[in-house]
Amino acid sequence: MSMVFDEFGRPFVILREQQAKARIKGKEAQKSNILAARSISKLLRTSLGPKGMDKILVSQDGDVTVTNDGATILSKMEVEHQVAKLLVELSCSQDDEIGDGTTGVVVLAGALLEQAEKLMDKGIHPVRIAEGFELACEFANKHLESIADTVEFSRDNTEPLVTTAMTTLSSKIINENKRRMAEIAVDAVLGVADLERSDVNFDMIRMEGKPGGSLEDTELVKGIVIDKDFSHPQMPKRVEDAKMCILTCPFEPPKPKTKHKLDITSREAYEQLYEQEQKYFTDMVKKVKDSGANLVICQWGFDDEANHLLLQNELPAVRWVGGVEIEHIAIATGGRIVARFEDLTAEKLGRASLVREVAFGTSNERMLVIEGCVNSNAVTVLIRGGNQMIVEEAKRSLHDAMCVVRNLIKSNRVVYGGGSAEASCSLAIGGHADTIVGTDQYAIRAFADALEDVPLALAENAGLSPIEEVAAIKARQVKEKNPNIGLGVDRERKDGNSACDMKTLGVFETLIGKQQQLQLATQVVKMILKIDDVILMGSYQ
């Protein structure tokens, strides 16, 4: 871009042809932003609900991921458009905060943008649309609170938690085993939960996957599972009443920090050096034995000489244990991480009732299981599956289920699924819009129409007639004054539609998750509507 003056001294700007194309502003920029965001929303729309389709994602390295989890799909996509990236961040925010509903929040944002575009074509200013959406969102959240139910549960009565986890898992690839997986998720969360404080420490739940076997072989271990084996094949495979020293220092002689050169000119000098090296090894092993330890867990490796010495001294050892695993083992066993052999004492040892090595199938794959830890809160879910892709998807699915169980422990209020909550909010907001004077009425009614997009997508993905099904749901909700009527996609059709009471089907999700969906989607749509100029770096020269 350059500035010149005409013959009267008036300045005017000359834009290069390419720059004129690259930079858009005003209504054109708003339409472009809405189009980019809606293209992301359309991509995820087919993955919504229990009958949603999966996506195959292939990375640059050729790694294949099969999933229908919204946050995973968007995070693995190469999205370049600036506004489309906002929807990727929206899905990740829902995943970080709630753990579930990552697809639904993007579908809702796309529907809101579609309605906003129609209002803009009618000449309504984007700021008024955004304000109307904000008012409608506040009313929807209050309405959700009014129709929400409270579920009671305890450590003895976990059925409500299992039912909620099953609702989450019904849209995942592991839905054939959703009952067993939901029970594992609930047991894992309750194993680390403090029900009095309504708090769940997710750091104490580990998930390890091992391809081979089937999903039915997935199990919950009350302890720690690490993907390692004992360093020597002749070491015992079971250590009972284990007292483990957890080391972050290597089992080898110290090395000088500076460059050095050592000339050995005689046999005596070599033997002296060898004896000195041996003394380092024997001193290290002696310090471990003197502390009372009968198992060594080391973050670093050690050579065959150290390995042989440990075997001779009947000290089973595990090497190359990662930093995260070391921390988990220390927390679970009540041990202290020791950085120098000189600091090793009996008080710093971790304790467990049993450490055993588990072999899988006909392969040489082995894992270590640490059970009966002093801190019984630590649990590990060992996931099996036909291949690595299924194992990874099962990990993501179980994570979502655990997040939902955690949310229910924090706040035990639920709304019912199958699009019933959205349809009920849509009806309530539509009635509320008639009481509003001014332009905001149009935006509030548009918000109600956008909410219907969720049950529409659920019916569409299930191969049903979307308009007929949603009309039937809304008609029955008004007629029976029951906000729990939703879309029963797995139920036999009666009266020509699939509308049924979600409460009797046991399909529900957490209230805070649904409210978070509405709030996050509305905030992102407001942000997108207020952008009227896209300035790329380097556009001005």
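Index from 1, following the sequence.
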To the closest 0.5 Å, what do you measure between [atom1] ([X]) and [atom2] ([Y])?
| X | Y | atom1 | atom2 | answer |
| --- | --- | --- | --- | --- |
| Ser397 | Asn177 | OG | CG | 11.0 Å |
| Asn482 | Met502 | CG | CE | 10.5 Å |
| Phe508 | Met166 | CZ | CE | 10.0 Å |
| Ile383 | Asp217 | CD1 | CG | 12.5 Å |
| Thr218 | Leu382 | OG1 | CG | 7.5 Å |
| Leu487 | Glu422 | CG | CD | 11.0 Å |

Output yes when [X] and [Y] qualify as a salt bridge under the 4.0 Å nitrogen-oxygen rule, no when they do not.
| X | Y | result |
| --- | --- | --- |
| Lys31 | Asp121 | yes |
| Arg366 | Asp227 | no |
| Lys222 | Glu371 | no |
| Lys526 | Glu131 | no |
| Asp149 | Arg413 | no |
| Glu208 | Arg206 | yes |

Taking it one step at a time, do Glu452 and Lys474 satisfy salt bridge (charged side-chain N to carboxylate O under 4.0 Å, His left out)?
CA-CA 10 Å; Glu452 289 180 15; Lys474 293 173 74 175; 2.3 Å; yes

Can you list the steps and then say if Ile329 with Ile226 is a side chain to side chain contact (heavy atoms under 4.5 Å, CB included)?
CA-CA 9 Å; Ile329 292 168; Ile226 55 173; 4.1 Å; yes

When you measure from the side chain of [X] to the backbone of [Y], do you find a donor-acceptor pair of N or O atoms at a distance under 3.5 Å?
| X | Y | result |
| --- | --- | --- |
| Ser154 | Asn157 | yes |
| Ser93 | Glu89 | yes |
| Thr167 | Thr163 | yes |

List the steps, then state whether salt bridge (charged side-chain N to carboxylate O under 4.0 Å, His left out) holds for Arg396 with Glu393.
CA-CA 5 Å; Arg396 286 188 287 269; Glu393 180 65 5; 3.0 Å; yes

Provide the closest heavy-atom pair for Phe153 versus Ile409 in the form atom of the first, atom of the second, distance.
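That would be CZ-CA, 3.7 Å.
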
Counting only heavy atoms not in Lys503, do more than 12 fall under 6.0 Å of its NZ?
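It does not: Lys503 NZ has 12 such atoms or fewer within range.
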
Stepwise side chain to side chain contact (heavy atoms under 4.5 Å, CB included) check, His143 with Ser424:
CA-CA 8 Å; His143 180 71; Ser424 177; 2.8 Å; yes

Name the residue from Asp453, Asn461, Thr103 that meets the side chain to side chain donor-acceptor pair (under 3.5 Å) definition with Arg45.
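Among Asp453, Asn461, Thr103, the one that satisfies the side chain to side chain donor-acceptor pair (under 3.5 Å) with Arg45 is Asp453.
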
Could you go through Arg445 and Gln115, starting from their C-alpha distance and side-chain angles, then the distance that decides it, and tell me whether this counts as side chain to side chain contact (heavy atoms under 4.5 Å, CB included)?
CA-CA 10 Å; Arg445 194 172 282 115; Gln115 295 296 328; over 6 Å; no

Run the salt bridge (charged side-chain N to carboxylate O under 4.0 Å, His left out) check on Glu216 and Arg179 step by step: do they pass?
CA-CA 11 Å; Glu216 287 90 351; Arg179 176 82 202 184; over 6 Å; no

Distance-only donor-acceptor check, side chains Gln519 and Gln515, under 3.5 Å:
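Gln515 and Gln519 do not have a side-chain donor-acceptor pair below 3.5 Å.
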
Going through the checks in order, is the salt bridge (charged side-chain N to carboxylate O under 4.0 Å, His left out) test met by Arg476 and Asp501?
CA-CA 10 Å; Arg476 278 192 60 182; Asp501 193 334; over 6 Å; no

